[in-house]
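A short write-up of the structure that comes next.
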Number of protein chains: 2
Amino acid sequence: MVQDSIRTLQAQGHKATKPRKLVLEVLEETEKPLSPYDIKRILRARGKYLNHVTIYRILNLLCSLNLAHKMLSSGGFVKCSLDAIEGCHRFMVCQHCGAIQEFADKELCQEENDFAQNFGFHTEHHLSEFSGLCSQCYRK
Amino acid sequence: MVQDSIRTLQAQGHKATKPRKLVLEVLEETEKPLSPYDIKRILRARGKYLNHVTIYRILNLLCSLNLAHKMLSSGGFVKCSLDAIEGCHRFMVCQHCGAIQEFADKELCQEENDFAQNFGFHTEHHLSEFSGLCSQCYRK
DNA sequence: GGGCTAATTGTAATAATGTTGCATTTAGCC
DNA sequence: GGCTAAATGCAACATTATTACAATTAGCCC
Ligand SMILES: [Mn+2]
Ligand SMILES: [Mn+2]
Ligand SMILES: [Zn+2]
Ligand SMILES: [Zn+2]
(Lines give C-alpha, C1' and ligand atoms only; values in the text may rest on other atoms or scores of the structure.)
(Ligands and ions follow the chains in the order given, each with its own letter.)
Protein backbone atom coordinates (compact mmCIF):
# COMPACT_ATOMS: atom_id res chain seq x y z
CA MET A 1 0.00 0.00 0.00
CA VAL A 2 1.14 3.48 -0.86
CA GLN A 3 -0.16 4.69 2.45
CA ASP A 4 2.21 2.38 4.33
CA SER A 5 5.19 3.69 2.42
CA ILE A 6 4.13 7.26 3.15
CA ARG A 7 3.94 6.47 6.83
CA THR A 8 7.42 4.97 6.77
CA LEU A 9 8.70 8.07 5.02
CA GLN A 10 7.24 10.31 7.67
CA ALA A 11 8.40 8.09 10.51
CA GLN A 12 11.94 8.64 9.20
CA GLY A 13 11.51 12.39 9.13
CA HIS A 14 10.75 12.81 5.42
CA LYS A 15 7.86 14.78 4.04
CA ALA A 16 4.78 13.29 2.42
CA THR A 17 4.94 15.32 -0.76
CA LYS A 18 2.76 15.14 -3.84
CA PRO A 19 5.60 14.01 -6.14
CA ARG A 20 6.50 11.21 -3.76
CA LYS A 21 2.93 10.00 -3.65
CA LEU A 22 2.70 10.08 -7.43
CA VAL A 23 5.83 8.00 -7.88
CA LEU A 24 4.70 5.46 -5.30
CA GLU A 25 1.29 5.19 -6.94
CA VAL A 26 2.76 4.53 -10.36
CA LEU A 27 5.12 1.89 -9.00
CA GLU A 28 2.33 0.20 -7.09
CA GLU A 29 -0.14 0.15 -9.95
CA THR A 30 2.30 -0.98 -12.58
CA GLU A 31 3.84 -3.92 -10.74
CA LYS A 32 6.63 -4.01 -13.28
CA PRO A 33 10.10 -2.53 -13.22
CA LEU A 34 10.09 1.08 -14.42
CA SER A 35 12.94 3.41 -15.28
CA PRO A 36 12.85 7.01 -14.04
CA TYR A 37 11.85 8.14 -17.52
CA ASP A 38 9.16 5.45 -17.74
CA ILE A 39 7.64 6.94 -14.63
CA LYS A 40 7.87 10.41 -16.11
CA ARG A 41 6.11 9.26 -19.28
CA ILE A 42 3.34 7.45 -17.43
CA LEU A 43 2.64 10.48 -15.29
CA ARG A 44 2.73 12.82 -18.26
CA ALA A 45 0.10 10.66 -19.96
CA ARG A 46 -2.09 11.40 -16.95
CA GLY A 47 -1.49 15.11 -17.12
CA LYS A 48 0.92 15.08 -14.17
CA TYR A 49 4.33 16.62 -14.69
CA LEU A 50 7.36 15.69 -12.63
CA ASN A 51 10.87 16.72 -13.44
CA HIS A 52 13.19 13.80 -14.07
CA VAL A 53 15.64 15.10 -11.48
CA THR A 54 12.91 14.89 -8.90
CA ILE A 55 12.08 11.35 -9.92
CA TYR A 56 15.69 10.28 -9.60
CA ARG A 57 15.86 11.80 -6.15
CA ILE A 58 12.64 10.17 -5.02
CA LEU A 59 13.73 6.76 -6.26
CA ASN A 60 17.06 7.11 -4.48
CA LEU A 61 15.28 7.95 -1.27
CA LEU A 62 12.80 5.09 -1.59
CA CYS A 63 15.60 2.62 -2.25
CA SER A 64 17.62 3.86 0.70
CA LEU A 65 14.61 3.15 2.90
CA ASN A 66 13.94 -0.21 1.24
CA LEU A 67 10.58 1.03 0.01
CA ALA A 68 11.67 0.45 -3.57
CA HIS A 69 14.26 -1.71 -5.25
CA LYS A 70 16.31 -1.35 -8.38
CA MET A 71 16.04 -4.58 -10.33
CA LEU A 72 19.30 -6.30 -10.96
CA SER A 73 18.71 -7.46 -14.48
CA SER A 74 16.83 -4.56 -16.01
CA GLY A 75 17.78 -1.63 -13.82
CA GLY A 76 14.10 -0.77 -13.47
CA PHE A 77 12.55 0.18 -10.15
CA VAL A 78 9.79 -1.66 -8.32
CA LYS A 79 7.90 -0.92 -5.14
CA CYS A 80 8.84 -3.29 -2.33
CA SER A 81 5.87 -5.04 -0.83
CA LEU A 82 7.62 -7.03 1.87
CA ASP A 83 9.66 -5.87 4.78
CA ALA A 84 12.76 -7.46 3.31
CA ILE A 85 15.08 -9.46 5.49
CA GLU A 86 17.89 -7.04 6.23
CA GLY A 87 20.07 -6.65 3.17
CA CYS A 88 18.28 -9.30 1.19
CA HIS A 89 16.41 -8.56 -2.02
CA ARG A 90 14.87 -11.33 -4.04
CA PHE A 91 12.53 -11.28 -6.99
CA MET A 92 11.08 -13.51 -9.64
CA VAL A 93 10.58 -11.88 -13.02
CA CYS A 94 8.31 -13.29 -15.67
CA GLN A 95 10.12 -13.05 -18.96
CA HIS A 96 6.84 -13.14 -20.84
CA CYS A 97 4.60 -10.60 -19.12
CA GLY A 98 7.24 -8.78 -17.07
CA ALA A 99 5.39 -9.20 -13.79
CA ILE A 100 7.55 -9.36 -10.71
CA GLN A 101 7.07 -11.24 -7.48
CA GLU A 102 9.08 -10.33 -4.44
CA PHE A 103 9.98 -13.06 -1.99
CA ALA A 104 12.06 -13.72 1.09
CA ASP A 105 13.39 -16.88 2.64
CA LYS A 106 15.53 -17.11 5.75
CA GLU A 107 16.67 -20.63 4.96
CA LEU A 108 17.94 -19.64 1.56
CA CYS A 109 19.90 -16.83 3.20
CA GLN A 110 21.42 -19.24 5.68
CA GLU A 111 22.44 -21.71 3.01
CA GLU A 112 23.97 -18.99 0.93
CA ASN A 113 25.93 -17.70 3.89
CA ASP A 114 27.25 -21.17 4.63
CA PHE A 115 28.15 -21.73 1.02
CA ALA A 116 30.09 -18.48 0.79
CA GLN A 117 31.81 -19.24 4.07
CA ASN A 118 33.50 -22.17 2.36
CA PHE A 119 35.28 -19.63 0.20
CA GLY A 120 36.20 -17.58 3.25
CA PHE A 121 33.67 -15.01 2.11
CA HIS A 122 31.67 -13.18 4.76
CA THR A 123 28.27 -12.38 3.26
CA GLU A 124 26.31 -9.30 4.28
CA HIS A 125 23.78 -8.79 1.50
CA HIS A 126 22.00 -11.18 -0.78
CA LEU A 127 20.60 -10.19 -4.12
CA SER A 128 18.86 -12.68 -6.31
CA GLU A 129 16.62 -12.70 -9.27
CA PHE A 130 15.03 -15.62 -11.00
CA SER A 131 13.70 -15.24 -14.47
CA GLY A 132 11.21 -17.61 -15.95
CA LEU A 133 7.46 -17.85 -16.37
CA CYS A 134 4.79 -16.87 -13.90
CA SER A 135 1.98 -19.34 -13.34
CA GLN A 136 -0.38 -17.56 -15.73
CA CYS A 137 2.09 -17.32 -18.58
CA TYR A 138 3.28 -20.88 -18.03
CA ARG A 139 -0.20 -22.29 -18.61
CA LYS A 140 -0.18 -20.93 -22.13
CA MET B 1 42.97 -17.58 -19.25
CA VAL B 2 42.56 -15.17 -22.13
CA GLN B 3 43.78 -17.87 -24.48
CA ASP B 4 40.85 -20.11 -23.56
CA SER B 5 38.37 -17.37 -24.30
CA ILE B 6 40.02 -16.73 -27.65
CA ARG B 7 39.73 -20.40 -28.52
CA THR B 8 36.04 -20.38 -27.61
CA LEU B 9 35.53 -17.33 -29.79
CA GLN B 10 37.14 -19.04 -32.75
CA ALA B 11 35.33 -22.30 -32.15
CA GLN B 12 32.09 -20.32 -32.54
CA GLY B 13 33.24 -18.79 -35.80
CA HIS B 14 34.39 -15.41 -34.47
CA LYS B 15 37.73 -13.82 -35.24
CA ALA B 16 40.59 -13.49 -32.78
CA THR B 17 41.13 -9.78 -33.24
CA LYS B 18 43.50 -7.45 -31.47
CA PRO B 19 40.71 -5.39 -29.86
CA ARG B 20 39.08 -8.53 -28.49
CA LYS B 21 42.34 -9.71 -26.99
CA LEU B 22 42.92 -6.32 -25.40
CA VAL B 23 39.49 -6.25 -23.77
CA LEU B 24 39.89 -9.80 -22.47
CA GLU B 25 43.32 -8.99 -21.05
CA VAL B 26 42.06 -5.96 -19.18
CA LEU B 27 39.12 -7.89 -17.73
CA GLU B 28 41.35 -10.74 -16.69
CA GLU B 29 44.02 -8.60 -15.07
CA THR B 30 41.65 -6.32 -13.24
CA GLU B 31 39.40 -8.95 -11.66
CA LYS B 32 36.90 -6.24 -10.85
CA PRO B 33 33.77 -5.10 -12.65
CA LEU B 34 34.59 -2.54 -15.35
CA SER B 35 32.32 -0.36 -17.44
CA PRO B 36 32.98 -0.01 -21.17
CA TYR B 37 34.44 3.43 -20.54
CA ASP B 38 36.61 2.09 -17.69
CA ILE B 39 38.11 -0.33 -20.16
CA LYS B 40 38.67 2.46 -22.64
CA ARG B 41 40.45 4.56 -20.01
CA ILE B 42 42.65 1.70 -18.82
CA LEU B 43 43.73 0.92 -22.36
CA ARG B 44 44.35 4.55 -23.18
CA ALA B 45 46.65 4.80 -20.15
CA ARG B 46 48.67 2.05 -21.80
CA GLY B 47 48.81 3.80 -25.13
CA LYS B 48 46.19 1.54 -26.70
CA TYR B 49 43.19 3.16 -28.31
CA LEU B 50 39.86 1.42 -28.80
CA ASN B 51 36.68 3.13 -29.87
CA HIS B 52 33.95 2.88 -27.27
CA VAL B 53 31.55 1.48 -29.86
CA THR B 54 33.98 -1.37 -30.44
CA ILE B 55 34.22 -2.04 -26.72
CA TYR B 56 30.44 -2.18 -26.40
CA ARG B 57 30.26 -4.62 -29.27
CA ILE B 58 33.00 -6.83 -27.87
CA LEU B 59 31.38 -6.94 -24.44
CA ASN B 60 28.04 -7.86 -25.98
CA LEU B 61 29.66 -10.67 -27.87
CA LEU B 62 31.56 -11.97 -24.83
CA CYS B 63 28.38 -11.93 -22.73
CA SER B 64 26.40 -13.71 -25.39
CA LEU B 65 28.99 -16.49 -25.30
CA ASN B 66 29.15 -16.48 -21.48
CA LEU B 67 32.78 -15.42 -21.61
CA ALA B 68 31.94 -12.26 -19.70
CA HIS B 69 29.15 -11.22 -17.39
CA LYS B 70 27.49 -7.92 -16.63
CA MET B 71 27.32 -7.56 -12.87
CA LEU B 72 23.85 -7.13 -11.51
CA SER B 73 24.52 -4.55 -8.86
CA SER B 74 27.08 -2.32 -10.53
CA GLY B 75 26.51 -2.94 -14.22
CA GLY B 76 30.23 -3.50 -14.65
CA PHE B 77 31.62 -6.34 -16.72
CA VAL B 78 33.79 -9.19 -15.51
CA LYS B 79 35.49 -12.05 -17.29
CA CYS B 80 33.87 -15.38 -16.55
CA SER B 81 36.24 -17.97 -15.24
CA LEU B 82 33.88 -20.91 -14.91
CA ASP B 83 31.79 -22.71 -17.43
CA ALA B 84 28.61 -21.52 -15.77
CA ILE B 85 25.71 -23.85 -15.25
CA GLU B 86 23.31 -23.04 -18.05
CA GLY B 87 21.48 -19.80 -17.33
CA CYS B 88 22.99 -19.40 -13.89
CA HIS B 89 25.29 -16.55 -12.95
CA ARG B 90 26.54 -16.14 -9.42
CA PHE B 91 29.15 -13.91 -7.90
CA MET B 92 30.45 -12.73 -4.58
CA VAL B 93 31.61 -9.12 -4.49
CA CYS B 94 33.85 -7.74 -1.79
CA GLN B 95 32.45 -4.40 -0.78
CA HIS B 96 35.84 -3.31 0.51
CA CYS B 97 38.30 -4.16 -2.25
CA GLY B 98 35.82 -4.77 -5.06
CA ALA B 99 37.23 -8.19 -5.92
CA ILE B 100 34.78 -10.65 -7.36
CA GLN B 101 34.56 -14.40 -7.07
CA GLU B 102 32.43 -16.41 -9.42
CA PHE B 103 30.77 -19.55 -8.18
CA ALA B 104 28.27 -22.20 -9.18
CA ASP B 105 26.21 -24.67 -7.21
CA LYS B 106 23.77 -27.17 -8.62
CA GLU B 107 22.09 -27.75 -5.26
CA LEU B 108 21.38 -24.08 -4.81
CA CYS B 109 19.79 -24.04 -8.26
CA GLN B 110 17.60 -26.98 -7.35
CA GLU B 111 16.47 -25.43 -4.09
CA GLU B 112 15.68 -22.18 -5.79
CA ASN B 113 13.68 -23.96 -8.47
CA ASP B 114 11.69 -25.81 -5.83
CA PHE B 115 11.12 -22.67 -3.84
CA ALA B 116 9.81 -20.78 -6.84
CA GLN B 117 7.63 -23.71 -7.81
CA ASN B 118 5.64 -23.09 -4.61
CA PHE B 119 4.59 -19.78 -6.13
CA GLY B 120 3.74 -21.50 -9.39
CA PHE B 121 6.78 -19.85 -10.90
CA HIS B 122 8.75 -21.80 -13.49
CA THR B 123 12.38 -20.74 -13.18
CA GLU B 124 14.72 -20.70 -16.14
CA HIS B 125 17.59 -18.46 -15.12
CA HIS B 126 19.19 -17.74 -11.79
CA LEU B 127 21.12 -14.62 -11.04
CA SER B 128 22.63 -14.00 -7.67
CA GLU B 129 25.12 -11.75 -6.11
CA PHE B 130 26.37 -11.70 -2.55
CA SER B 131 28.12 -8.68 -1.23
CA GLY B 132 30.26 -8.80 1.84
CA LEU B 133 33.95 -9.17 2.65
CA CYS B 134 36.47 -11.43 0.99
CA SER B 135 38.72 -13.46 3.28
CA GLN B 136 41.59 -10.98 3.01
CA CYS B 137 39.51 -7.91 3.77
CA TYR B 138 37.66 -9.70 6.56
CA ARG B 139 40.88 -10.36 8.46
CA LYS B 140 41.48 -6.62 8.81
C1' DG C 1 -6.38 30.14 8.74
C1' DG C 2 -1.72 32.69 7.81
C1' DG C 3 3.36 33.16 8.37
C1' DC C 4 8.04 30.75 8.96
C1' DT C 5 11.72 27.78 7.58
C1' DA C 6 14.03 23.73 6.38
C1' DA C 7 13.12 20.33 3.12
C1' DT C 8 11.91 19.43 -1.35
C1' DT C 9 11.20 20.33 -6.15
C1' DG C 10 12.09 22.69 -10.66
C1' DT C 11 15.29 24.65 -14.06
C1' DA C 12 19.13 24.86 -16.89
C1' DA C 13 23.30 23.34 -18.04
C1' DT C 14 26.40 19.67 -18.42
C1' DA C 15 28.32 15.01 -18.10
C1' DA C 16 28.17 10.25 -18.86
C1' DT C 17 26.54 6.36 -21.20
C1' DG C 18 24.73 3.91 -25.17
C1' DT C 19 23.18 3.36 -30.23
C1' DT C 20 23.03 3.74 -35.35
C1' DG C 21 24.58 3.99 -40.24
C1' DC C 22 28.16 3.86 -43.05
C1' DA C 23 33.23 4.12 -44.39
C1' DT C 24 37.56 1.74 -43.54
C1' DT C 25 40.38 -1.93 -42.01
C1' DT C 26 41.72 -6.67 -41.00
C1' DA C 27 41.63 -11.87 -39.90
C1' DG C 28 41.25 -16.00 -41.94
C1' DC C 29 41.15 -18.40 -46.15
C1' DC C 30 42.52 -19.75 -50.75
C1' DG D 1 50.00 -12.08 -51.48
C1' DG D 2 45.08 -11.16 -52.90
C1' DC D 3 39.98 -11.80 -51.60
C1' DT D 4 36.00 -11.14 -48.79
C1' DA D 5 33.14 -11.39 -44.92
C1' DA D 6 33.71 -9.89 -40.41
C1' DA D 7 35.10 -6.53 -37.47
C1' DT D 8 36.44 -1.90 -36.26
C1' DG D 9 36.44 3.23 -36.53
C1' DC D 10 34.08 7.42 -37.11
C1' DA D 11 30.50 10.83 -36.79
C1' DA D 12 26.30 11.96 -35.43
C1' DC D 13 22.78 11.35 -32.38
C1' DA D 14 19.83 9.57 -28.45
C1' DT D 15 19.22 8.44 -23.85
C1' DT D 16 20.24 8.50 -19.12
C1' DA D 17 22.22 10.73 -15.07
C1' DT D 18 24.26 14.52 -12.18
C1' DT D 19 25.12 19.29 -10.43
C1' DA D 20 24.35 24.04 -8.77
C1' DC D 21 21.22 27.11 -7.66
C1' DA D 22 16.50 29.39 -7.73
C1' DA D 23 11.64 28.70 -6.57
C1' DT D 24 8.19 26.25 -4.10
C1' DT D 25 5.94 23.67 -0.39
C1' DA D 26 4.98 20.56 3.84
C1' DG D 27 4.85 20.64 8.47
C1' DC D 28 4.99 23.44 12.41
C1' DC D 29 3.83 27.32 15.39
C1' DC D 30 0.85 30.62 16.58
MN1 LIG E 1 17.20 -3.43 -3.07
MN1 LIG F 1 25.75 -13.39 -17.24
ZN1 LIG G 1 3.97 -13.80 -16.81
ZN1 LIG H 1 38.12 -7.68 -0.37
Side-chain angles (χ1 to χ4, degrees), chain A residues 2-3 5-27 33-44 46-65 67-78, chain B residues 2-3 5-27 32-65 67-78:
Chain A
V2 168
Q3 205 46 46
S5 303
I6 293 294
R7 263 189 289 273
T8 304
L9 275 178
Q10 289 182 309
Q12 311 272 6
H14 303 282
K15 292 183 178 177
T17 65
K18 222 156 88 169
R20 285 172 181 168
K21 287 175 194 164
L22 288 174
V23 169
L24 281 166
E25 281 164 17
V26 170
L27 289 177
L34 298 174
S35 75
Y37 284 92
D38 287 337
I39 294 171
K40 179 167 182 162
R41 274 183 285 272
I42 291 172
L43 285 170
R44 195 172 45 210
R46 301 180 184 179
K48 313 279 188 180
Y49 294 85
L50 285 192
N51 193 280
H52 70 279
V53 180
T54 301
I55 298 175
Y56 277 94
R57 290 191 281 226
I58 290 173
L59 291 170
N60 277 346
L61 176 67
L62 295 178
C63 286
S64 74
L65 299 176
L67 296 174
H69 173 82
K70 184 176 187 173
M71 293 300 284
L72 307 172
S73 45
S74 62
F77 292 84
V78 295
Chain B
V2 167
Q3 205 47 44
S5 303
I6 293 294
R7 262 189 288 274
T8 304
L9 275 178
Q10 291 181 310
Q12 312 272 7
H14 303 283
K15 292 184 180 177
T17 65
K18 222 157 87 169
R20 286 173 180 169
K21 287 175 193 165
L22 287 175
V23 169
L24 281 166
E25 283 165 15
V26 170
L27 289 178
K32 289 174 191 172
L34 297 174
S35 76
Y37 284 93
D38 287 338
I39 294 171
K40 179 167 183 164
R41 274 184 285 272
I42 291 172
L43 285 170
R44 195 171 46 210
R46 301 179 183 180
K48 313 278 189 181
Y49 294 85
L50 285 192
N51 193 281
H52 71 279
V53 180
T54 301
I55 298 174
Y56 276 94
R57 291 192 279 226
I58 290 173
L59 290 170
N60 277 347
L61 176 66
L62 295 178
C63 286
S64 75
L65 300 175
L67 297 174
H69 173 81
K70 184 175 187 173
M71 293 300 285
L72 309 172
S73 45
S74 63
F77 292 85
V78 296

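The sequence lines fix the lettering, A, B, ..., with proteins before strands; numbering per chain opens at 1.
Going from atom SG of Cys63(B) over to atom CD1 of Ile58(B) covers 12.0 Å, rounded to the nearest 0.5 Å. To the nearest 0.5 Å, atoms NZ (Lys48(B)) and NZ (Lys18(B)) are separated by 6.5 Å. In this structure, OG1 in Thr54(B) is found 12.0 Å from CD1 in Ile39(B), a value given to the nearest 0.5 Å. Rounded to the nearest 0.5 angstrom, Ser35(A) OG and His52(A) NE2 are separated by 12.0 Å.
If you measure from atom NE2 of His14(B) to atom P of dT8(D), you get 11 Å, rounded to the nearest angstrom. Atom NE2 in His52(B) sits roughly 10 Å away from atom P in dT19(C) (whole-Å rounding). Rounded to an integer number of Å, the gap from CD1 of Ile58(A) to C1' of dA26(D) is 14 Å. Atoms CZ (Arg57(B)) and P (dG9(D)) sit 8 Å apart, rounded to a whole Å. Here dT8(C) presents its P atom at 17 Å from NZ of Lys18(A), a figure rounded to the nearest Å. Separating the CG atom of Asn60(A) from the P atom of dT18(D) is a distance of 7 Å, rounded to the nearest angstrom. Nucleotide dA17(D) holds its P atom 6 Å from the NZ atom of Lys70(A), rounded to whole Å. In this structure, Lys40(A) atom NZ and dA17(D) atom P are separated by 13 Å, rounded to whole Å.
Between Thr54(A) and dG10(C), a side-chain N or O to OP1/OP2 separation shorter than 4.0 Å is present. Dashed line: the shortest gap from a side-chain N or O of Gln10(B) to OP1 or OP2 of dG28(C) is under 4.0 Å.
Nearest nucleotide to the side chain of Tyr56(A), out of dC10(D), dT18(D), dT9(C): dT18(D). When each of dA27(C), dT19(C), dA26(D) is scored by its nearest atom to the side-chain atoms of Thr17(A), the top-ranked nucleotide is dA26(D). Taking every side-chain heavy atom of Lys15(A) into account, dT8(C) is the closest of dT8(C), dT17(C), dG28(C). The nucleotide whose nearest atom lies closest to any side-chain atom of Asn51(A) is, among dA17(D), dT11(C), dT8(D), dT11(C).
In the interface, the side chain of Tyr37(B) is paired with the base of dG18(C) through a donor and an acceptor atom under 3.5 Å apart.
As judged by a 4.0 angstrom heavy-atom cut-off over every strand, Arg20(B) is placed among residues touching the sugar-phosphate backbone only.
Taking the six-membered ring where the residue is Trp, the centroids of His69(A) and Phe77(A) are separated by 6.0 Å or more.
Place Ala16(B) and Ser35(B) on DNA chain C by their nearest nucleotides, and Ser35(B) ends up nearer the 5' end.
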